[in-house]
Amino acid sequence: MSTQTHAFSVHEPRRNVRKHRPSAIGTAAAGSLTEAPAGLVLTTTVPREFVHRAAVSEVLLTGWEAVAEPEGEEVCDSSYVIRAQWPRGHSLFSQSRGYQDPMLLVESVRQAGSLLAHAEFGVPFGHQFMMRDLKIATAPELLLATPKPTELELHTECHDVVRRGANLAGMRYGVTVRLGGQRLATGSASFTCISPNIYRRLRKDKPTVATQAAGAPIDPATVGRLSAANVLLAEEPAAVGGSRSWAVRIDSSHPIFFDHPVDHIPGMVLLEAARQAAYAATGCPGKLVTGLSSTFTRYAELDAPCRIEAAPGETVDGATPVRVTGVQSGYTVFTADVVLSAPALHSRPQS
């Protein structure tokens, strides 16, 4: 995930961008579709470039459109309904104990902001997004796995839009997630857009491959993983004030954590490291992440060691809060408050 960030002011969203909606195919369609039922809806993903992914398989969004009436009561600059589909068998964010991986929700919220920035607000490809913060809160019902992929709507409202001249400089957006018409999760994020010239001056010649040895992974089972290749934590002999600490294992050749070359540790990698740290610190890898509130303060570099610290709080009604902090070269690069909840199978609304 390219990191992203910023705030906003009043603006006019772009009017000349083609909306990406499912296509309704009637019986008069040509070729092999002539026998298709009337009103058949065809679903595709949005262009991968809109969500900063190299692999089409990593695109979770399937369409969007502007709406006149926002989901919430707060005044917003513009609002949209974004559709998403979560696969039943993602190679990294896979189902476990009858639930979809909550990181699919986190990634969907991230992709929503990138999509709208490019498709609706006219941010050119090549601009960098620096994430300031990202939050989600979900009911376990949203995550229940079924025999079909999860189809959901992200009702998204854009706030505090800031422009420099004609260019988007940043914005904040809020998301209400609906499944089968039911409101089951919320999310929000804010980001800043940086032009290629400014980014080059800012980042200079930062490496795009990890220069630190990854270190031996901790037991995958302690962080809810099956493969050591997907473990982001290496044990460190530090435990101070009730916190536990691990070195971050960075493999810049990982096909999903590093879907494309970047000159920093992506935000989604840091958030997955936070989730793993919360599991390892509590000893509860079977719990669901039902809440996550993260703030990014600095780039996490590929050429310096990064450490993750986790301090669990008191469990109340089956929910355990964990404060996770990422530290590099003596500076905090991000914080994440993770909420782990005991899973209990619920009935899923029909979509």
Side-chain angles (χ1 to χ4, degrees), residues 1-5 51-52 58 60-61 71-72 74 79-87 90 92-96 99-116 129 131-145 150-159 171-179 182-191 224 266-279 284 287-296 310 313 318-324 326 334-343 346 348-349:
M1 159 175 121
S2 307
T3 43
Q4 306 171 293
T5 305
V51 298
H52 300 171
E58 297 307 305
L60 301 177
L61 308 184
E71 174 80 12
E74 184 179 356
S79 56
Y80 306 88
V81 173
I82 300 172
R83 290 173 295 280
Q85 184 189 83
W86 295 346
H90 192 276
L92 178 63
F93 302 130
S94 56
Q95 295 182 15
S96 177
Y99 287 90
Q100 293 272 38
D101 192 316
M103 296 306 285
L104 291 170
L105 173 58
V106 177
E107 173 65 1
S108 297
V109 171
R110 183 203 71 79
Q111 289 189 12
S114 175
L115 166 70
L116 294 180
F129 288 41
M131 185 70 74
R132 283 191 317 200
D133 55 75
L134 190 152
K135 302 177 183 179
I136 63 99
T138 184
E141 294 94 316
L142 177 70
L143 306 172
L144 276 171
T150 302
E151 306 268 0
L152 52 132
E153 291 183 343
L154 285 70
H155 294 249
T156 305
E157 299 175 6
C158 301
H159 304 271
M171 72 176 186
R172 175 176 296 280
Y173 58 99
V175 176
T176 299
V177 181
R178 289 188 173 274
L179 178 68
Q182 295 192 33
R183 182 181 185 271
L184 293 177
T186 58
S188 66
S190 66
F191 60 85
M268 280 298 293
V269 176
L270 295 175
L271 295 181
E272 170 62 15
R275 188 253 294 266
Q276 293 187 17
Y279 282 158
C284 299
K287 285 192 170 185
L288 288 171
V289 174
T290 55
L292 186 149
S293 178
S294 61
T295 301
F296 301 91
T320 305
V322 184
R323 165 51 68 101
V324 180
F334 85 104
T335 59
D337 290 304
V338 182
V339 178
L340 302 178
S341 298
H346 299 74
R348 165 66 95 58

Please enumerate all residues that pass side chain to side chain contact (heavy atoms under 4.5 Å, CB included) together with [X], with sequence neighbours excluded.
X    : value
E153 : V81, R83, H155
T295 : D133, T297, T335
A112 : I82, L154, Y173
K287 : C284, T315, T320, L340, A342

N/O donor-acceptor pair under 3.5 Å between R110 side chain and V51 backbone =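 At least one qualifying donor-acceptor pair exists.
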Between S293 and D337, is there a donor-acceptor pair closer than 3.5 Å when you use the side chain of the first and the backbone of the second?
-> no
Quickly, which of L184, T156, T186, L142 forms a side chain to side chain contact (heavy atoms under 4.5 Å, CB included) with V177? Name it, please.
-> L142
Determine whether Q111 and L116 make a side-chain contact, defined as any pair of heavy atoms from C-beta on separated by less than 4.5 Å.
->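 No, too far: nothing below the 4.5 Å cut-off.
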Close side-chain approach of E272 to F93, heavy-atom, < 4.5 Å |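 The answer is yes; the side chains approach within 4.5 Å.
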How would you list, by chain and number, every residue that makes a side chain to side chain donor-acceptor pair (under 3.5 Å) with Q85, sequence neighbours excluded?
-> E151
Would you please name every residue forming a side chain to side chain donor-acceptor pair (under 3.5 Å) with T290, sequence neighbours left out?
-> S341
In terms of side-chain heavy atoms, does Q100 have a donor or acceptor partner in T150 at a distance below 3.5 Å?
-> yes
Between the side chains of E58 and H90, does any donor sit under 3.5 Å from an acceptor?
->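 Their side chains do contain a donor-acceptor pair, which is all the 3.5 Å distance test asks for.
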In Å, rounded to the nearest 0.5 Å, how long is the span from OG of S108 to CG of L115?
->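 Answer for the OG-CG pair, S108 versus L115, is 11.5 Å.
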Can you measure from CE (M268) to CG (L134) and round to the nearest 0.5 angstrom?
-> 8.0 Å
Please step through side chain to side chain contact (heavy atoms under 4.5 Å, CB included) for the pair W86 and D101, ending with a clear verdict.
-> CA-CA 9 Å; W86 295 346; D101 192 316; over 6 Å; no
Would Y279 and V322 count as a side chain to side chain contact (heavy atoms under 4.5 Å, CB included) if you check the C-alpha gap in whole Å, the side-chain angles of each, and the deciding distance to 0.1 Å?
-> CA-CA 9 Å; Y279 282 158; V322 184; over 6 Å; no
